[in-house]
Amino acid sequence: MAKQYRNIGEEAWKNNVEKVSAELFIFTYGSLVVQLVKDYEDYGAVNKQLDKMGYNIGVRLIDDLLARTGLERCQDLHATAEVISKVGFKMFLNITPSVANWSADSKEFSLILDDNPLNDFCELPPKAIQDGLWYSNVLCGVVRGALEMMQMQTEVTFVRDVLRGDETSEIRVKLERMLDEEVPVGDD
Amino acid sequence: MIYSIFIINKAGGLIYNKDYSGSIARLSSNEALIFAGTFHGIHALASRISPAAGSDSAKDSGIQTIDTDKFRIHCFQTPTGIKLIAVTDLVHTRLTDVLTKVYGMYSDYALKNPFHNLEMPIRSELFDTKLQQLIQAS
């Protein structure tokens, strides 16, 4: 199953997506975060805004992913985690975070990002580190938005970030509940 | 020949409809809305009453085609709950590949337009044009 998702992801990245300059993306995202910091002056609020923006991206991005890959609903959270890391992240960022740290009830897992293109060339000022800025928080919102459109209510947060001095970046995904009342009929 | 296309959102509301044949009677916008709501309802009913429901391997994913003696209605439901419907003549037996392309266009021209409100009707010239090209090519 994992091998199949990996292939779908590779295939999608190679053929099905338009590529854009990484530098342009880094400039754009960096400028966005800095502007938010200037506007809100509170790193907690910036985190929230990045998450909201990510959420709006996620709810649209999921249909794009499904249209390009033709994937159907996953049977369990393990398959979902594999699709997120091997197809989703691969298609849009060309990285494949590893899935790890499953909780005992299989409702939580972590995505370990060895390499995050948003972070290249970025260094956080000490105040930002102290006040808890998660630079790539938009990614958490994207995952949360995409999963909500697949009828899963989740809490997605950064727990470690290389920009804060940790060894790797880690995103924790926690399934709060399935939104059963919204499942398209016949798909449950 | 594809006569018309309808797109229905998760809640059963009509977000797009277009006729491509000059010869068939046109639905008024009210009738189109009623059609969408009704279809959404019977699609839900169909999978509920399916005899395959409940068994693990054969989950019924709802109506795929409805035949009459003059035309056929095709339906493709995405995992996110959007239904793409095409009304065609009896020559087309399965329209899944065309409807998948329409899904791709929806995700491009509707979803990537930041000013498009999800769940609201699609008002995009690009979408109309591209869809027209696809339908005429099929």
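Each chain gets a letter, A, B and so on, in the order its sequence line appears, and its residues count up from 1. All heavy atoms count here, side chains included; hydrogens, waters and symmetry mates do not. The structure displayed is predicted, hence computed values, not measured ones.
Comparing B/A110, B/P114, B/S107 by heavy-atom pairs within less than 4.5 Å of chain A, the highest count is held by B/S107.
To the nearest 0.5 Å, atom CG of residue A/D114 and atom CG of residue A/N116 are 10.5 Å apart.
Residues satisfying the side-chain contact (heavy atoms from CB on, under 4.5 Å) criterion with A/K52, sequence neighbours excluded, are A/Q49. Applying the side-chain contact (heavy atoms from CB on, under 4.5 Å) test to B/V87 and every residue at least two apart in sequence or in another chain returns B/Y3, B/S4, B/F6, B/F71, B/I73.
Side-chain contact annotation: A/N15 with A/E11, donor-acceptor N/O pair under 3.5 Å present.
For A/M149, the parts sitting under 4.5 Å from any heavy atom of chain B are the backbone and the side chain alike. Neither the backbone nor the side chain of B/A11 comes within contact range of chain A; no heavy atoms are under 4.5 Å apart. With a 4.5 angstrom heavy-atom cutoff, A/L61 does not touch chain B via any of its atoms.
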